[in-house]
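Have a look at the structure below, then the notes.
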Amino acid sequence: MLLAAPAHAADGPVYSGKGWKAFTSAGIYSISPDPYVIRFASATARDRLTPALKRAAVQITEVTGVKVTVSSELTPGARPPCSEQPRHVMTFHMKYRPIGKRGMSQSYACTSGADGSAFGGAVVMNSEYWTSPNWFSNNKTTNRVMRDNVTLHELGHLFGLAHVNTDRDGDGRVEGGECVRNSAGRKPVMCTPTGGYRTAASGGRYTWEFDVPGLRQMRKNYDLR
């Protein structure tokens with residue numbers, strides 16, 4: 001009598017889908033099942049970013065089953081290289097124009113060389129989102145939501161999600177904003193410039209139709225690789 005193989009046995013890891021893509025160029029192919037912790041390099045970063053990152057931690061934990069927590073611990077100092085980063089720790093810094101360009105933040109995602117999973121790393125958020133009035137919008141709620149979405153965007157890189165822009169207009173160039181969208185025009189958080197929800201009720205969360213399936217698949221990839 002022949003027994004059917006487990007459903008996942010014939011399946012391999014998946015590195016892209018509708019509205020999401022693995023950050024394979026950074027060597028990240030999966031999310032480990034072991035816990036991750038988010039912490040801060042300064043009190044300013046902690047005070048400004050904690051609410052958005054706590055919502056993100058809850059959502060990632062719910063959709064992947066991986067425990068993600070936000071610590072109030074401060075670890076001041078310069079960003080260390082990946083070789084000196086503690087495992088599964090993600091540290092948020094804040095600096096004015098960290099790469100010298102207007103409006104740009106920067107993530108530094110590290111990978112576990114042994115299994116290609118998200119190891120941790122650092123994010124340097126651009127402080128001008130907070131210090132320049134109405135940076136994203138003249139609407140107070142939209143401005144806050146977009147700050148949260150950009151924070152999630154950079155965190156997504158540390159968890160192994162890449163930009164999802166593609167040449168949708170067929171002109172041979174991949175340009176800003178060229179991302180899949182739903183019927184309401186919503187784009188993935190991992191689009192660049194950052195997409196995501198724009199309302200007070202839903203803002204600051206990964207999109208359920210694009211980003212969340214990517215996070216779930218990245219966790220599955222750990223077991224499939």
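We count residues from 1, following the sequence as given. Hydrogens, waters and symmetry mates play no part in the numbers below; they use all other heavy atoms, side chains included.
- Asp169 meets the salt bridge (Lys or Arg N to Asp or Glu O under 4.0 Å) test with no other residue; sequence neighbours excluded.
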Query - Working for side chain to side chain contact (heavy atoms under 4.5 Å, CB included), residues Val123 and Met125 - result: CA-CA 6 Å; Val123 169; Met125 295 298 299; 3.5 Å; yes
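- Shown here for Val66 and Pro33, the closest heavy-atom pair between the two residues is CG2-CA, 3.9 Å.
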**Report entry** side chain to side chain contact (heavy atoms under 4.5 Å, CB included) evaluation trace for Phe23 with Leu161
**Finding:** CA-CA 5 Å; Phe23 203 177; Leu161 295 181; over 6 Å; no
Can you give the donor-acceptor pairs under 3.5 Å from side chains of residues 186-193 to other protein atoms, not counting sequence neighbours?
unit_1 : atom_1 : unit_2 : atom_2 : d
Arg186 : NE     : Glu209 : OE2    : 3.3
Arg186 : NH2    : Glu209 : OE2    : 3.0
Lys187 : NZ     : Gly177 : O      : 2.8

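- Here the straight-line distance linking atom CZ of Arg46 with atom CD1 of Ile38 works out to 15.0 Å at 0.5 Å rounding.
- Through direct or relayed side-chain contacts under 4.5 Å between Ile, Leu, Val, Met, Phe, Trp and Tyr, Met104 connects to Ile99, Tyr108, Val124.
- Asp34 is linked by a salt bridge (Lys or Arg N to Asp or Glu O under 4.0 Å) to Arg87, counting only residues two or more places apart in sequence or in another chain.
- Closest of all the heavy-atom pairs between Trp20 and Val164 is CA-CG1, 3.4 Å.
- The salt bridge (Lys or Arg N to Asp or Glu O under 4.0 Å) test applied to Arg39 returns Glu73, not counting sequence neighbours.
- The minimum heavy-atom distance linking His93 with Ala41 is given by the pair ND1-CB, 3.3 Å.
- Between the Asn165 side chain and the Val174 main chain, no donor and acceptor come within less than 3.5 Å of each other.
- Applying the side-chain hydrogen bond (donor to acceptor under 3.5 Å, both in side chains) definition to pairs two or more places apart or across chains, those involving residues 125-140 are Arg97-Glu128, Ser105-Tyr129, Asn126-Glu128, Asn139-Thr142.
- Remark: His153 pairs with His157, His163 by the ring pair (Phe, Tyr, Trp, His ring centres under 6.0 Å) rule, at least two apart or across chains.
- Side chain of Ser42 to main chain of Ala45: a donor-acceptor pair is present (N/O by atom type, distance under 3.5 Å, no hydrogens or angles).
- With sequence neighbours excluded, the residues that form a ring pair (Phe, Tyr, Trp, His ring centres under 6.0 Å) with Phe159 are Tyr36.
- With sequence neighbours left out, Arg219 forms a salt bridge (Lys or Arg N to Asp or Glu O under 4.0 Å) with Asp223.
- Between Leu53 and Val70, the shortest heavy-atom distance links the atoms O-CG2, 3.6 Å.
- In this structure, Leu215 and Ile31 approach most closely via the heavy-atom pair O-CD1, 3.9 Å.
- Connectivity analysis of hydrophobic side chains (ILVMFWY, heavy atoms under 4.5 Å, direct or indirect) links Tyr15 to Tyr29.
- Screening residues 52-61 for side-chain hydrogen bond (donor to acceptor under 3.5 Å, both in side chains), with sequence neighbours left out, gives Arg55-Asp148.
- Looking at every heavy atom in both residues, Tyr206 comes nearest to Leu152 through OH-O, 2.8 Å.
- The hydrophobic cluster analysis finds Tyr96 isolated: no Ile, Leu, Val, Met, Phe, Trp or Tyr side chain comes under 4.5 Å of it, directly or through other members.
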